[in-house]
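For the numbers below, each heavy atom of this structure counts, side chains included, while hydrogens, waters and symmetry mates do not. Residue numbers start from 1 in every chain, and the chains themselves are labelled A, B, ... in the order their sequence lines are given, proteins ahead of strands.
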Amino acid sequence: MKVSAKDNPVEFPSGVTPLNVLQSHSGLPNDAVAARLNGSILSLTQPITEDGELQFLTFNDPEGKEVVFHSTAHLMAQAVTELFPGVKLAIGPPIAEGFYYDFEVERPFTPEDLQQIEERMEKRANDKLPVERFVMSREEALDYYKKANQNYKVELIEDFEDSSFSFYRQGDFVDMCRGPHVPHTGYLKHFKLLNCAGAYWRGDENRAMLQRIYGVAAGNRKELKDYLQKLEEAKERDHRKLGRELDLYSIHDEAGPGLIFWHPHGARIRNIIETFWRDEHYRRGYELVYIPHILRENLFIKSGHLENFRENMYSPMQVDNIDYYAKPMNCPGHILIFQSHLRSYRDLPIRYGELGTVYRYERSGVLHGLLRVRGFTQDDAHIFCRPDQLEEEITGVIDLADFMMNAFGFDYRLCLSTRPAKSIGSDEVWEHATETLRRALEKNGKPYDTEEGGGAFYGPKIDVLLLDALGRTWQGPTFQLDFNFPERFNIDYIDSDGSKKRCVMIHRTVLGSMERFLGNLIEHYKGAFPAWLSPVQIKVLPITDDQHDYARKLHQRLKSENLRSELDDRNEKIGYKIREAESLKIPFMFVVGKKEAEETTVAVRERGRKDHGVMSLVEALHFVRKATEIPRSSLQMD
RNA sequence: GCCAACGUAGCUCAGUCGGUAGAGCAACGGUUUCGUAAACCGUAGGUCAGGGGUUCAAGUCCCCUCGUUGGCUCCA
């Protein structure tokens, strides 16, 4: 049998293991955790029976990482099995940043349990128990798990058609698993259990609630430390913490959970973004509209919201014996405006935009700061167009979203979601629409992912996933094609031949919602907003009382230049004022002492310990202007 | 909604065995007039989330409700 490793073909007897190869060759990674042969991933101890090129995988390869995560999940399950006799095992897969395992136990795990489990894991890792693969027939496997009273495993087997199943054994612990795994538990050195939580069996809320333990593993001590540090940094960036510290917003038990109160500084940022948003939409041929917040029941019957979205809607209020609902979406309102006239093919496309506030009932357990709320303002728009305009419109929307993401410094990924199992409309229409989206994406040139079956029931969509400064992704803007509303509402236009034709409708946001976007933005910038967004751009800091007159005049001058300035004329030392301005993340500080007042100059300090020295007023204004400029797109207007 | 943990001053947090509420910062009043990340002295601030129970006595133990946090499910 011929196996080549590192472009070095060597004959090996059939049944050689990657570990053998590793030991008989120099120059191969000594930290390999698994191998790849002809596209499939192998344990290092798995005998090779076919020719091919052998590659070794370390923790730095995605597949190697997965193997380590998975093996660590097994190690944890072993520890839990030993410490909690009678525990039932469910599943324990690797996930993007670690692993988890679901258990059914007598009582939920406590933080002390986690520590104990972790200690037991370390012990078993030190034992360097060999991890051995073996196979049982379907009947043997079923019998084995039935006898062991492991009903979740029994259910898993019953759901598969396979005639045999692979198992892994380490010490006394056995788990059914596809593998592959590390050769022995001594490979697992750097791991930490993070938290435990309830999780439904198979994600179904009607089924048993199991206890899930999450953990993380790393290739070495430093990587583990770095990962834990990243978690700490995420805490420092948390928009709920910064929102309070920077006095941006609050939520009140008294008023209701999930409802946001924007304080002056938070409102200031939101206002800047909204003005920016409106200007850009007018520039791009959108018309902005306003619609009421409560609408009659019949409209939501017609739209299908009461049928499909009722559980997310607030209970109705009765007026003159008719039910009115707070709107959970803006589309029905925009459709009514569209339908207030007969529309010609020449009128299209019509783009109605609105910063439209909607109310949705969200289950109490899902609320989260600004990111998941019950009342929020979507940067919504609905585009009504002819089928032949669809591609150009989508292209325009992608371009607008790109502009927005760049303006706020977000990197992003695009994702195309196709037809889900439960959906309306003909295959032909779906195919055409999906292809149109795909063409627009191709033309755009940026890479994109495809999520098969991820679309809405009424049409395919493109999602924009924001990547923040920590590399975390957030669901942001979304563009959805809709075949449902045009049918339900008979949204038509008169074509050039005088016949009625059905419109195509696009729902889109380019930020997501103001609340969620602001939340993302706070975390992205760690509260240190660029000057154009900063609620306060300049703090004027007189050194002693003698400069108060000059400082006040300076502050007034800055305000008259449309700069957002605040004056700190409290009786405090300059170090104290600077410290506070720094912690409030104000971009510029104009320090004025005796010298500056006499010479009509300012000592300019920039956020982050940068002293730019003394400047004339004109210079200082010029300096600040560059940073406070509002981004504009270089549109080719025709 | 479900599982778990948590809820003490505006914020961050102490509070032992059940014995009657504490610090730092912030606020307020003074003193100080100061050159790039915390001057000094003083004052005030609490229905210990809310309600019920056990007890001679509850921030502390038990139950219920509300809220928050981490997950599950769902989503902008």
Exercise. Counting any heavy atom closer than 4.0 Å, what does A:E254 reach on the DNA or RNA strands: base, sugar-phosphate only, or nothing?
Worked result: nothing
For this session: List the steps, then state whether ring-ring contact (aromatic ring centres under 6.0 Å, His included) holds for A:F99 with A:H70.
Result: CA-CA 7 Å; A:F99 60 89; A:H70 202 170; 9.6 Å; no
Exercise. Hey, what's the ring geometry for A:H507 with A:F485, parallel, tilted or perpendicular (30° and 60° as the breaks)?
Worked result: tilted
Problem set entry | Per A:K573 side chain, nearest of listed nucleotides B:G70, B:G35, B:C34 | B:C34
Exercise. When you match A:Q211 and A:S583 each to their closest nucleotide on RNA chain B, which lands nearer the 5' end?
Worked result: A:Q211
Exercise. Could you give the CD1-to-P distance, from A:I578 to B:A39, as a whole number of Å?
Worked result: 11 Å
Exercise. What is the nucleic acid contact for A:S364, judged by heavy atoms within less than 4.0 Å: base, sugar-phosphate only, or nothing?
Worked result: base
Problem set entry | Distance-only polar pair, side chains of A:H74 and A:T72, donor-acceptor under 3.5 Å | no
For this session: Check whether any side-chain N or O of A:R363 sits under 4.0 Å from OP1 or OP2 of B:U73, and answer yes or no.
Result: no
Exercise. How would you label the contact of A:Q475 with the nucleic acid (heavy atoms, under 4.0 Å): base, sugar-phosphate, or nothing?
Worked result: sugar-phosphate
Exercise. P atom, B:G42 versus B:G51: distance in rounded Å?
Worked result: 36 Å
Exercise. Hey, does A:R212 reach any base, or is it just sugar-phosphate, or nothing, if we go heavy atoms under 4.0 Å?
Worked result: sugar-phosphate
Exercise. Separation of A:Q378 atom CD from B:A76 atom P, in whole Å?
Worked result: 8 Å
For this session: Look at the side chain of A:E362 and the base of B:A76, then say whether one donor and one acceptor between them are separated by less than 3.5 Å.
Result: yes
Exercise. So what does A:D545 hit on the nucleic acid, given a heavy-atom distance under 4.0 Å: a base, only sugar-phosphate, or nothing?
Worked result: base
For this session: May I ask you to say what A:G593 touches in the nucleic acid, namely base, sugar-phosphate or nothing, with a heavy-atom cut-off under 4.0 Å?
Result: base
For this session: Could you measure between the two C1' atoms, the one in B:A9 and the one in B:A5, and give it in whole Å?
Result: 24 Å
Exercise. Picking from A:K539, A:K610, A:R607, A:R605, what satisfies salt bridge (charged side-chain N to carboxylate O under 4.0 Å, His left out) with A:E582?
Worked result: A:R605
Exercise. Atom OH in A:Y101, atom CG in A:L193: separation rounded to 0.5 Å?
Worked result: 14.5 Å
Problem set entry | Span that lies between the C1' atom of B:G18 and that of B:G59, in whole angstrom | 10 Å
Problem set entry | A:Q115, CD atom: more than 12 neighbouring heavy atoms under 6.0 Å | no
Exercise. Can you check whether A:R240 has a side-chain N or O nearer than 4.0 Å to OP1 or OP2 of B:G70?
Worked result: yes
Exercise. Going from CD on A:E280 to OH on A:Y286, what distance comes out if it is rounded to the nearest 0.5 angstrom?
Worked result: 10.5 Å
Exercise. In a check of side chain to side chain contact (heavy atoms under 4.5 Å, CB included) between A:M76 and each of A:M121, A:E118, A:R120, which one passes?
Worked result: A:M121
Problem set entry | B:G10 versus B:G45 - spacing of their P atoms, nearest Å | 12 Å
Exercise. Considering only heavy atoms and no angle criterion, is a donor-acceptor pair shorter than 3.5 Å present between the side chain of A:Q547 and the base of B:G35?
Worked result: no
For this session: Determine whether any donor atom in the side chain of A:R202 lies under 3.5 Å from an acceptor atom in the base of B:C72, or the reverse, and answer yes or no.
Result: no
For this session: Measure from the ring center of A:F276 to the ring center of A:F403 and say whether it is less than 6.0 Å.
Result: yes
Problem set entry | Phosphate-side-chain proximity, A:R360 and B:C74, N/O vs OP1/OP2 below 4.0 Å | no
For this session: For A:Y214, answer base if it contacts any base atom (sugar-phosphate contacts may also be present), sugar-phosphate if it contacts only those atoms, and nothing otherwise; contact means non-hydrogen atoms under 4.0 Å.
Result: sugar-phosphate
For this session: Using the C1' atoms only, state how far B:U69 lies from B:A49, rounded to an integer number of Å.
Result: 15 Å
Exercise. Looking for any heavy atom pair under 4.0 Å, which part of the strands does A:K595 touch: base, sugar-phosphate only, or nothing?
Worked result: base
For this session: Give A:A603 one of three labels, base, sugar-phosphate or nothing, depending on what nucleic acid heavy atoms sit under 4.0 Å from its own.
Result: base
Exercise. Which whole-number value in Å describes the distance from A:R374 CZ to B:A76 P?
Worked result: 17 Å
For this session: Take A:D611 and A:E205, find for each the nucleotide of RNA chain B with the closest heavy atom, and name the residue whose nucleotide sits nearer the 5' end.
Result: A:D611
Seminar exercise, completed: Scanning all shown strands, the Watson-Crick or wobble mate of B:C28 with both distances under 3.5 Å is B:G42
For this session: Go ahead and name the base partner of B:U68; Watson-Crick or wobble counts if both distances stay under 3.5 Å, otherwise write none.
Result: B:A5
Atom pairs under 3.5 Å: protein N/O with N/O of nucleotides 24-27 of chain B:
| unit_1 | atom_1 | unit_2 | atom_2 | d |
| --- | --- | --- | --- | --- |
| B:A26 | OP1 | A:Y576 | OH | 2.8 |

Exercise. In whole angstroms, how far is the P atom of B:A5 from the CG atom of A:L194?
Worked result: 19 Å
Exercise. When you measure from the side chain of A:I543, which nucleotide among B:A37, B:G35, B:G67 comes out closest?
Worked result: B:G35
For this session: Go through the side-chain N and O atoms of A:W474 and A:D468 and say whether any donor and acceptor fall under 3.5 Å apart.
Result: yes
For this session: Check every strand shown and say whether A:V373 touches a base, only sugar-phosphate, or nothing at a heavy-atom separation below 4.0 Å.
Result: base
For this session: Could you check which of B:C11, B:C75, B:A37 has an atom nearest any side-chain atom of A:R244?
Result: B:C11
Problem set entry | A:H507 side-chain N/O to B:A76 phosphate OP1/OP2 under 4.0 Å | no
Exercise. For the pair made of OH in A:Y361 and C1' in B:A76, what is the distance, rounded to whole Å?
Worked result: 18 Å
For this session: Using atom CG of A:L242 as one end and atom P of B:U12 as the other, report the distance to the nearest whole Å.
Result: 13 Å
Exercise. Between B:U68, B:C3, B:U36, which one does the side chain of A:P257 approach most closely?
Worked result: B:U68
Seminar exercise, completed: d(A:D449 CG, A:L465 CG) to nearest 0.5 Å is 8.0 Å
Exercise. What does A:G512 touch in the nucleic acid at a heavy-atom separation under 4.0 angstrom: a base, only the sugar-phosphate, or nothing?
Worked result: sugar-phosphate
Problem set entry | Whole-Å C1' distance, B:A4 and B:U8 | 22 Å
For this session: First locate atom CZ of A:F109, then atom CG of A:L83, and finally report the distance between them rounded to the nearest 0.5 Å.
Result: 9.0 Å
Problem set entry | Integer-rounded Å distance: B:C3 C1' and A:M209 CE | 5 Å
Exercise. Distance between the P atoms of B:G1 and B:A58, in whole angstroms?
Worked result: 32 Å
Problem set entry | Pairing partner of B:G22 (Watson-Crick or G-U wobble, both distances under 3.5 Å) | B:C13
Exercise. Should B:U55 form a Watson-Crick or G-U wobble pair with both distances under 3.5 Å, which nucleotide is its partner?
Worked result: none
Exercise. What about A:D546, does its side chain sit under 3.5 Å from the base of B:U33 through a donor-acceptor pair?
Worked result: no
Problem set entry | Any donor-acceptor N/O pair under 3.5 Å between B:G71 base and A:Y200 side chain | no
Exercise. With both distances under 3.5 Å as the test, what is the Watson-Crick or G-U wobble partner of B:G35?
Worked result: none
For this session: Taking atom P in both B:U43 and B:A23, compute the distance separating them and give it to the nearest angstrom.
Result: 11 Å
For this session: Report the distance from atom CZ of A:R579 to atom P of B:C34, rounded to the nearest whole Å.
Result: 23 Å
